[in-house]
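Below: one structure, written as structure tokens.
Whatever order the structure lists them in is the order used to number ligands and atoms, beginning at 1.
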Amino acid sequence: MSSTATAKRREVSLPEVIEKHQGRPGALLSILEEVQELEKFRYLPETTLREIAERMKVPLAQVYSVATFYSFFNLKPQGLHSVVVCRGTACHTRGSLELLEASLKRLGIEGFREDEENSVTTVDNFCSVRTVACFGQCALAPVVQIDGVISSRMTVGKLTAAIDKLRKGGQK
Ligand code: FES
């Protein structure tokens, strides 16, 4: 988390975020985006969604429908770091399952069911592991994104080394 984001978290309150956007087209979407960005674990707690609905005087169901429609909104706390493994066909044929399993093992995550969910977070909120259908870079498969940075032709060795580096405070 950058110091700028940390400073923003301290300085901006929910009422201020709402006031900034309210009345503009797409206000609810913009507010949810900004509020999630300000939240330490990049998610939208239920209490926050309720407060947004109350302050904006819109039905809670409307707030939830926006928060659940867009995949970039999270309703559960996310890790401070993120590893996103592409599980599309091109990446799968080039070993992305091994990459996914290696990242889960390196992070000590057990019981993740890829067929039931597309993300999981370590119990200490250190890192979230997520799968995506395709990054649109199939020629460079297998592709993994670490803290927003795409890496192509990933290997288990490079991925576990990158995770170890995150543990030691590198990148991000
Ligand atoms: S399948 Fe992985 S980038 Fe397209």
Check each of E51, E34, R55 against I18 using the side chain to side chain contact (heavy atoms under 4.5 Å, CB included) test, and report the only one that passes.
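Going through E51, E34, R55 one by one, the side chain to side chain contact (heavy atoms under 4.5 Å, CB included) with I18 is satisfied by R55 alone.
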Below 2.8 Å, any N, O or S contact between H92 and atom 2 (Fe) of ligand 1?
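Of the N, O and S atoms in H92, none lies under 2.8 Å from atom 2 (Fe) of ligand 1, which means no.
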Side-chain donor or acceptor of Q137 paired with backbone N/O of S151 under 3.5 Å
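Checked: no pair found.
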Is there a donor-acceptor pair closer than 3.5 Å between any side-chain N or O of R42 and the backbone N or O of G79?
yes
Under 4.0 Å from a heavy atom of C86: give me the atoms of ligand 1 that qualify, with their elements.
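Result: 1 (S), 2 (Fe), 3 (S).
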Under 4.0 Å to a heavy atom of Q137 - the qualifying atoms of ligand 1, by number
3 (S)
Going by heavy atoms in the side chains, are P45 and E39 under 4.5 Å from each other?
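Sidechains of E39 and P45: in contact.
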Need one value: angle at atom 4 (Fe) of ligand 1, C138 atom SG versus C134 atom SG, rounded to 10 degrees.
90°
